[in-house]
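Reading through the structure tokens given below for one structure.
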2 protein chains.
Amino acid sequence: MNIGQAAKKTCVPAKTIRYYESIGLIAPASRTASGYRTYDDRDVQTLRFIQRARNLGFSVKQVANLLALWRDRDRSSADVKALAREHLAEIDQRMAELQSMRETLEHLMQRCHGDERPECPILADLAGDEAEAEHKSRRIKDFAG
Amino acid sequence: MNIGQAAKKTCVPAKTIRYYESIGLIAPASRTASGYRTYDDRDVQTLRFIQRARNLGFSVKQVANLLALWRDRDRSSADVKALAREHLAEIDQRMAELQSMRETLEHLMQRCHGDERPECPILADLAGDEAEAEHKSRRIKDFAG
DNA sequence: GATAGGGTTTCCAGTGACTGGAAGGTCAAG
DNA sequence: CTTGACCTTCCAGTCACTGGAAACCCTATC
């Protein structure tokens, strides 16, 4: 099948399939006489694997590792699990950062009247305005990441 | 003060300060006779504002809007709050995505032995292997974003 | 005055993971 | 034979920086 067909079957855009080939995530597709890429069911399966792993938030590099493990019949599930654990830690880290932002932002928003007047604790806090930023204990802190 | 001094005071790397100038987020700095950028306390305050807003996860574009509102004495706090609300929605969306990934990943990990054997439900699920991916109700779903 | 060491300047390139678009070749239908 | 959909390559843009090279400036020490 052509790249468009493969794209439809896998929900991976044709452009992205070409991109994955260009960075070596997938092997170069075979070609017709006129240069069109052709894909078979195994290619589709691989693309679906990639798509699912990407949807779980794995980076392309991590997906490459997962693909290698998938193809390696002598893999140990411990290696797969280690990759997953690493990724889970990244997710947790990102969630913690977002949570921290969320709390600060929501707190500031609660104190902002949101009317036609210019007084705004959100701006006051961003400006580091000690006089206007009342609840100092809740002031924005720097994140490590 | 020089850019290095300003960087130290604001926790914004010199390179990033130049970058912010290049994209127009901050006004071009004044220069010494020999071409060195110089910064005063007002510049430092602006950089700190930017830094805090970035730490809250606002995009550079959003920060530009916040800066404009900050400088506009006739702003309405409603405009600021609207920006914040928009950003909060983005944060919530990203958190929901991460949470969904997290749940799927953790579920898969729980079922993976993580030993020297090759059998691995994580890979089986990514491969879409219906025979080996037991708990179908928990199969990976596509995300909108 | 020479030299060493920092700091600063510009510009170019790379990151990650695509995505958009231009210019052109191919294919099937009518 | 033309139309329109599909395909090809290549270049550029996204976002927010970050790294590095080559050159200039500034101060201190010998």
Side-chain angles (χ1 to χ4, degrees), chain A residues 1-26 28-39 43 47 49-67 86-87 90-91 94 97 101 142-145, chain B residues 1-26 28-39 43 47 49-67 87 90-91 93-94 97 101 142-145:
Chain A
M1 83 199 76
N2 283 347
I3 197 167
Q5 238 71 42
K8 205 170 286 177
K9 275 199 177 186
T10 61
C11 295
V12 180
K15 211 126 208 198
T16 303
I17 297 175
R18 286 190 207 101
Y19 169 71
Y20 285 160
E21 185 183 313
S22 80
I23 62 170
L25 181 62
I26 57 179
S30 51
R31 305 281 188 132
T32 66
S34 59
Y36 281 25
R37 288 174 180 81
T38 58
Y39 298 88
D43 299 323
L47 285 168
F49 181 102
I50 293 170
Q51 175 76 343
R52 293 200 187 95
R54 294 286 301 126
N55 279 343
L56 276 184
F58 285 100
S59 71
V60 165
K61 194 164 193 176
Q62 287 170 325
V63 173
N65 288 334
L66 287 170
L67 273 175
E86 206 178 309
H87 179 46
E90 290 164 11
I91 288 177
R94 274 191 274 159
E97 286 169 10
M101 291 175 188
D142 288 357
F143 298 113
Chain B
M1 83 198 79
N2 284 347
I3 197 168
Q5 240 71 43
K8 205 171 285 175
K9 275 198 177 185
T10 60
C11 295
V12 180
K15 214 130 204 192
T16 303
I17 297 175
R18 287 191 205 102
Y19 168 70
Y20 286 160
E21 186 185 311
S22 80
I23 61 169
L25 182 61
I26 56 179
S30 53
R31 304 280 188 132
T32 66
S34 59
Y36 281 24
R37 287 174 180 81
T38 59
Y39 298 89
D43 299 323
L47 285 168
F49 181 102
I50 294 170
Q51 176 77 343
R52 292 200 188 93
R54 294 285 301 127
N55 279 342
L56 277 184
F58 285 100
S59 70
V60 165
K61 194 164 195 175
Q62 286 171 325
V63 173
N65 289 335
L66 286 170
L67 274 174
H87 178 47
E90 291 162 12
I91 287 176
Q93 164 118 29
R94 273 191 275 159
E97 286 168 11
M101 290 175 188
D142 288 357
F143 298 112

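A, B, ... follow the sequence lines: proteins, then strands. Residue 1 opens every chain.
- Side-chain contact check for B:Thr38 and B:Thr32: no donor-acceptor pair (N or O, by modelled atom type) lies under 3.5 Å.
- From B:Ile26, atom CD1 reaches atom CG of B:Leu47 across 5.0 Å, with rounding to the nearest 0.5 Å.
- In this structure, A:Tyr36 and B:Gly4 both approach DNA chain C, and ranking their closest nucleotides by distance from the 5' end singles out B:Gly4.
- Fit an axis to the five pairs at each end of the helix from C:dG1-D:dC30 to C:dG30-D:dC1 and the two axes sit 30° apart, to the nearest 10 degrees.
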Produce a footprint string for nucleotides 13-19 of chain C: one letter per nucleotide, 5' end first; B if the base is under 4.0 Å from any protein heavy atom, S if only the sugar-phosphate is, - if neither.
----BBB
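- For A:Phe49, the ring-ring contact (aromatic ring centres under 6.0 Å, His included) test picks out A:Trp70, with sequence neighbours left out.
- For the pair A:Leu25/A:Leu67, a side-chain contact is recorded, criterion being any heavy-atom separation below 4.5 Å from C-beta on.
- Between the CD1 atom of B:Ile3 and the C1' atom of C:dT9 there is a distance of 10 Å, rounded to whole Å.
- Within the 4.5 Å cutoff, no side-chain heavy atoms of A:Ile50 are placed close to those of A:Val12.
- Distance check: B:Tyr39 OH to B:Thr10 OG1 gives 9.5 Å after rounding to the nearest 0.5 Å.
- Remark: the backbone N or O of A:Gln62 is not paired with any side-chain donor or acceptor of A:His87 at under 3.5 angstrom.
- Take B:Arg94 and apply the salt bridge (charged side-chain N to carboxylate O under 4.0 Å, His left out) test, not counting sequence neighbours, and it matches no residue.
- A 4.0 Å heavy-atom criterion places the boundary nucleotides of DNA chain D facing chain B at D:dA16 to D:dC26, written 5' to 3'.
- For C:dT8, the OP1/OP2 oxygens have no side-chain nitrogen or oxygen of B:Arg37 closer than 4.0 Å.
- The NZ atom of A:Lys8 sits 11.0 Å away from atom CG of A:Asn2, with the distance rounded to the nearest 0.5 Å.
- Remark: B:Tyr20 engages no residue in a ring-ring contact (aromatic ring centres under 6.0 Å, His included) (not counting sequence neighbours).
- For A:Arg31, no side-chain nitrogen or oxygen approaches OP1 or OP2 of C:dT26 to under 4.0 Å.
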